[in-house]
Protein chains: 2
Amino acid sequence: MTVRQDIHSPGIPVLCLPCEARHRGVCGALDPDHLVRLAKTSSRHKIEPGVELIGDAEAVDSYSNVLSGVVKLTKSLSDGRQQIVGLQFAPYFLGRPFKVESAINAEAATAVSLCTFPKATIDRMMRESPELEHRLLKQTLNELDEAREWMVTLGRKTSLEKVASFLLMIARNIDSSVDPATRSACFDLPLTRADISDFLGLTNETVSRQLTRLRVDGVIRIENNRHVTVDSISRLEQRCGGRGATAL
Amino acid sequence: MTVRQDIHSPGIPVLCLPCEARHRGVCGALDPDHLVRLAKTSSRHKIEPGVELIGDAEAVDSYSNVLSGVVKLTKSLSDGRQQIVGLQFAPYFLGRPFKVESAINAEAATAVSLCTFPKATIDRMMRESPELEHRLLKQTLNELDEAREWMVTLGRKTSLEKVASFLLMIARNIDSSVDPATRSACFDLPLTRADISDFLGLTNETVSRQLTRLRVDGVIRIENNRHVTVDSISRLEQRCGGRGATAL
DNA sequence: CGACGTATTGATTAGGCTCAAATCCTGTGG
DNA sequence: CCACAGGATTTGAGCCTAATCAATACGTCG
């Protein structure tokens, strides 16, 4: 994939110009010079749902930005029990700096497009540019917050609250139209029922039952198994199990 | 608390000389100059068990290193359900850079000694010293790995496996004598049964029952409710639910 | 020794799991 | 366009693990 500089936009590689991740995610931390160097070695990929991106305990020599779609991070026990430990939405960074990979599995949950670059390039730039490491620290702190939020959900919520919390989280991440004004949302679930159950520590039967319960109660509508409409976000929030004193 | 330089150890503040956290944790990233500046504004505290260090949604203007003891990080739902989302052992760093605190509560689980310094000092040093931010990133990535490990435990393990996993984690963190040779361990539980249940997403009754089960099965011995002996770590590991293909 | 908090043990209940069957969507080929 | 195949999802019946409610034992500290 050839990359040349665009004369009109000083120093920004053409590959990056239309990229919605350029200002967000890690790329936003890079100056034009670094961006050019990174773009030289980066390439875009389309990934089909279900394709494994990073195998458990596999050596990883590349990082990626998620440009669209959702990537699920999973961990499993030897008898097959599985837990999704994170969902990576655009424009987030995918990879684990400084370490032989931590027994995590990454798999495309939906169709995914990635911008991939060699580990070595980023590792070198990280040493040169504190701003890059700063962004990475920020993202990691966010992921830690999210992980801890889900620990509460996994450990202390009922199955109904778990499913409601999941829908709310997806709504906030996928549907850009979720604004305080309308208080409604509408989106396609990026996960199958089985994936949702692996995310919530439930079985797919239980997930299904609680979804129908929310549907019967008029909190959500479901079309074609995947498309969800939430007329009143507040009603959904009420089923999530009160968040302690503090707002999300 | 006065601090002066020690003539024999070039540039290291006396306060820091005997500190076991000086080379580990964030302090290890500081050059003598920074260490001196930090030590000038830092102070040591002893905290009683049960004392709240950081309130939910409270503004935090200081960071701390945990020098001894265990700090529990909790999140709660409004109806009182609580989940421990992390345990901070020495010599780790306590605090959340760049953010109004994320609805987390920190409380001394055991007697704790802290080395506390103003947020502003660290924030400034972080801008000056990339190495400091690097350490912080590493610690945060570790905490993220741990959080994800516990998500598997919370979501997919049975109560027996949860309790066994908890004991194993404590053994590895507390008892320095856990070596592959002897394969035995011996430690005081830093948490009450109620705390353990908040950590594992169980009730204290269930925790108690599974502890007795492990005791009856000869996997552990318990004296005075708190002191635990594990004769064979491997036997304990067997009850933790197989880790998928990869070792911890 | 007595009192209080912590932990254990017991009996019962209930939420979520398992196994099993029916239904719905998607996509394919005639 | 319709029929069919295959997987995903929903629904149902019964069971089991962990929660709940309740009482007893233990340990610590005055």
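Throughout, protein chains are lettered first and strands after them, A, B, ... in sequence-line order, and every chain is numbered starting at 1.
- Side-chain nitrogen and oxygen atoms of B:Thr203 include at least one within less than 4.0 Å of the OP1 or OP2 phosphate oxygen of D:dA19.
- Remark: B:Glu52 does not engage B:Lys72 in a salt bridge, criterion side-chain N to carboxylate O under 4.0 Å.
- Using a 4.0 Å cut-off between charged side-chain N and carboxylate O, A:Glu161 and B:Arg81 make a salt bridge.
- Overall bending of the helix from C:dC1-D:dG30 to C:dG30-D:dC1, expressed as the angle between end axes built from five pairs apiece, is 30° (10° steps).
- Following rounding to the nearest Å, B:Asp195 (CG) and C:dT6 (C1') show an atom-to-atom distance of 12 Å.
- Shown here for A:Tyr63 and A:Gly95, the closest heavy-atom pair between the two residues is CD2-CA, 3.8 Å.
- Of the two residues near DNA chain C, A:Leu202 and B:Thr192, the one whose nearest nucleotide lies more 5' is B:Thr192.
- Between atom CD1 of residue B:Ile174 and atom CE of residue B:Met169 there is a gap of 9.0 Å, rounded to the nearest 0.5 Å.
- Residues A:Glu143 and A:Arg148 are not paired through a salt bridge, judged by the lack of any N-O separation under 4.0 Å between the basic side chain and the carboxylate.
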Detail all sub-3.5 Å separations between protein N/O atoms and N/O atoms belonging to nucleotides 24-30 of chain D.
none

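- At whole-Å resolution of the value, CD in B:Glu205 and P in D:dC21 are 10 Å apart.
- Under 4.0 Å is where a charged nitrogen must lie from a carboxylate oxygen, and between A:Asp217 and A:Arg239 at least one such pair does.
- Using a 4.0 Å heavy-atom criterion, one finds that A:Ser159 contacts the sugar-phosphate atoms exclusively.
- A sub-4.0 Å separation between OP1 or OP2 of D:dT17 and a side-chain N or O of B:Thr158 is absent.
- Salt-bridge formation is not detected for the pair B:Lys75/B:Glu107: no Lys NZ or Arg NE/NH1/NH2 atom is positioned less than 4.0 Å from an Asp or Glu carboxylate oxygen.
- The base of C:dT18 lies close enough to the side chain of A:Arg209 for a donor and an acceptor atom to sit less than 3.5 Å apart.
- In this structure, A:Arg156 atom CZ and D:dA19 atom C1' are separated by 11 Å, rounded to whole Å.
- For the pair A:Arg193 CZ and D:dG7 P, the computed distance is 18 Å after rounding to whole Å.
- Atom NE2 in A:His227 sits about 19 Å away from atom C1' in D:dA8, given to the nearest Å.
- A straight line from CG of B:Leu214 to P of C:dT8 spans 12 Å, rounded to a whole angstrom.
- The pair B:Glu237-B:Arg172 meets the salt-bridge criterion, with a side-chain N (NZ, NE, NH1 or NH2) lying under 4.0 Å from an Asp/Glu carboxylate O.
- Atom CD in A:Gln210 sits roughly 10 Å away from atom P in C:dC17 (whole-Å rounding).
- Using a cutoff of 4.0 Å between basic side-chain nitrogens and carboxylate oxygens, A:Arg156 and B:Asp198 are scored as salt-bridged.
- A:Thr206 has no side-chain polar atom (N or O) that falls below the 4.0 Å cut-off from OP1 or OP2 of C:dG16.
- In this entry the distance linking CG of B:Leu160 with P of D:dA19 reads 13 Å, nearest Å.
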